[in-house]
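The block underneath contains the structure these notes are about, expressed in structure tokens.
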Amino acid sequence: MPSLRERLTNYLNGDNIVSRLLGKAEQKTGIKKYYLASGSICSLGLYLVFGYGASLVCNLIGFVYPAYRSIKAIESADKTDDTTWLTYWVVYGVFSVVEFFSDIFLFWFPFYYLGKCAFLLWCMAPFTWNGSQTLYSRFIRPFFLKHHQTVDSVVSDLGGQALNTAETVTRQVLQTLASSRSLLNPEGGQQALPSTSHSKEQ
């Protein structure tokens with residue numbers, strides 16, 4: 001099994017946007033792509049530990065690049081990448097729900113945002129063993145297959161109740177408007193006020 005350094009080197013030597021950007025930087029600076037990537041990762045890690053706005057940086061990392069890759073997947077003829085990024089967004093959604101309840105207890109840990117960023121990068125990594133594929137196949141998919149019929153039934157019931165509620169509210173609003181109009185115009189229209197003539201005294 002190749003080491004982490006070998007995997008990173010193979011990725012940097014492949015045909016991807018990161019490799020192309022680092023290739024341009026290598027031509028301008030004369031520093032090898034591996035060292036540029038390692039320095040960028042270390043700088044990002046230090047910023048996530050000590051810098052300001054680490055939460056925003058994590059959210060940008062977890063959203064901007066995956067959104068860009070998802071748009072490219074939609075526009076491409078190959079549907080394999082569609083499944084890949086749909087899997088990522090499912091895992092990202094589950095993670096966001098879990099984080100909503102745990103963030104209040106964990107955000108003050110000094111390495112929390114560093115770990116969160118590493119987790120998101122692992123989920124979007126261009127490998128077959130990345131986080132989204134692993135978590136989906138081991139946890140989310142078995143849970144879905146076991147409970148999806150119950151969830152579908154609950155969603156269907158909630159949808160029917162919401163539709164009935166909307167119809168009831170609409171009917172009550174229309175009835176209220178109709179009764180208000182009848183109170184304002186009891187004989188179907190506003191009656192004209194009788195005109196009075198004032199005769200001038202001779």
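Values reported hereafter were calculated over all heavy atoms of this structure, with side chains retained and with hydrogens, waters and symmetry mates removed.
- In this structure K146 satisfies the salt bridge (Lys or Arg N to Asp or Glu O under 4.0 Å) test with no other residue, sequence neighbours excluded.
- Rounded to the nearest 0.5 Å, atoms OH (Y112) and OG (S55) are 8.0 Å apart.
- Here the closest heavy-atom approach between residue D81 and residue S76 is recorded as OD2-OG, 3.0 Å.
- Applying the 6.0 Å contact sphere to CZ of R141 captures no more than 12 heavy atoms from other residues, nucleotides or ligands.
- Smallest separation of non-hydrogen atoms from S132 and V91: O-CG2, 3.6 Å.
- For the residue pair K116 and N59, the shortest heavy atom distance occurs at NZ-OD1, 3.2 Å.
- In this pair, Y68 and Y65 present their aromatic rings tilted. The plane angle is within the 30 to 60° band.
- Hydrophobic clustering (ILVMFWY, side-chain heavy atoms < 4.5 Å, transitive): L121 and F63 are in one cluster.
- Note: W89 and Y92 have perpendicular aromatic rings, judged against thresholds of 30 and 60 degrees for the angle between ring planes.
- Within 6.0 Å of atom CD in Q149, 12 or fewer heavy atoms from other residues, nucleotides or ligands are found, so the atom counts as exposed in its surroundings.
- Linking ILVMFWY side-chain heavy atoms closer than 4.5 Å, directly or via other members, places V94 and F143 in two distinct hydrophobic clusters.
- When all heavy atoms are compared, the tightest approach of C117 to C58 is CB-SG, 3.8 Å.
- If you chain together hydrophobic residues whose side chains sit under 4.5 Å apart, I74 and Y88 never meet in one group.
- In this structure, the separation between NZ on K79 and CG on L86 is 10.0 Å, given to the nearest 0.5 Å.
- For K28, the NZ atom counts as loosely surrounded, since its 6.0 Å shell holds 12 or fewer non-hydrogen atoms of other residues, nucleotides or ligands.
- By the criterion of side-chain heavy atoms lying less than 4.5 angstrom apart, applied directly or through intervening Ile, Leu, Val, Met, Phe, Trp or Tyr residues, I71 is not grouped with L60; the two fall into different hydrophobic clusters.
- Distance check, rounded to the nearest 0.5 Å: NZ of K32 to OG of S38 gives 12.0 Å.
- Smallest separation of non-hydrogen atoms from A125 and N130: O-ND2, 2.8 Å.
- Atom CZ of R171 is separated from atom OG1 of T176 by 12.0 Å, given to the nearest 0.5 angstrom.
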Determine, step by step, whether F144 and V90 satisfy the side-chain contact (heavy atoms from CB on, under 4.5 Å) criterion, reporting the C-alpha distance in whole Å, the side-chain angles of both residues, the deciding distance to 0.1 Å, and the verdict.
-> CA-CA 12 Å; F144 171 79; V90 169; over 6 Å; no
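- Residues V57 and F111 fall within the same hydrophobic cluster, defined by Ile, Leu, Val, Met, Phe, Trp and Tyr side chains chained together at heavy-atom separations under 4.5 Å.
- Once rounded to the nearest 0.5 Å, the distance linking NE2 of H147 with OG1 of T150 reads 7.5 Å.
- When all heavy atoms of P66 and M124 are compared, the closest pair comes out as CG-CE, 3.7 Å.
- Annotation: side chain of F95 is in contact with side chain of L120 (closest heavy-atom distance under 4.5 Å).
- Rounding to the nearest 0.5 Å gives a distance of 9.5 Å between NZ of K33 and CD of Q27.
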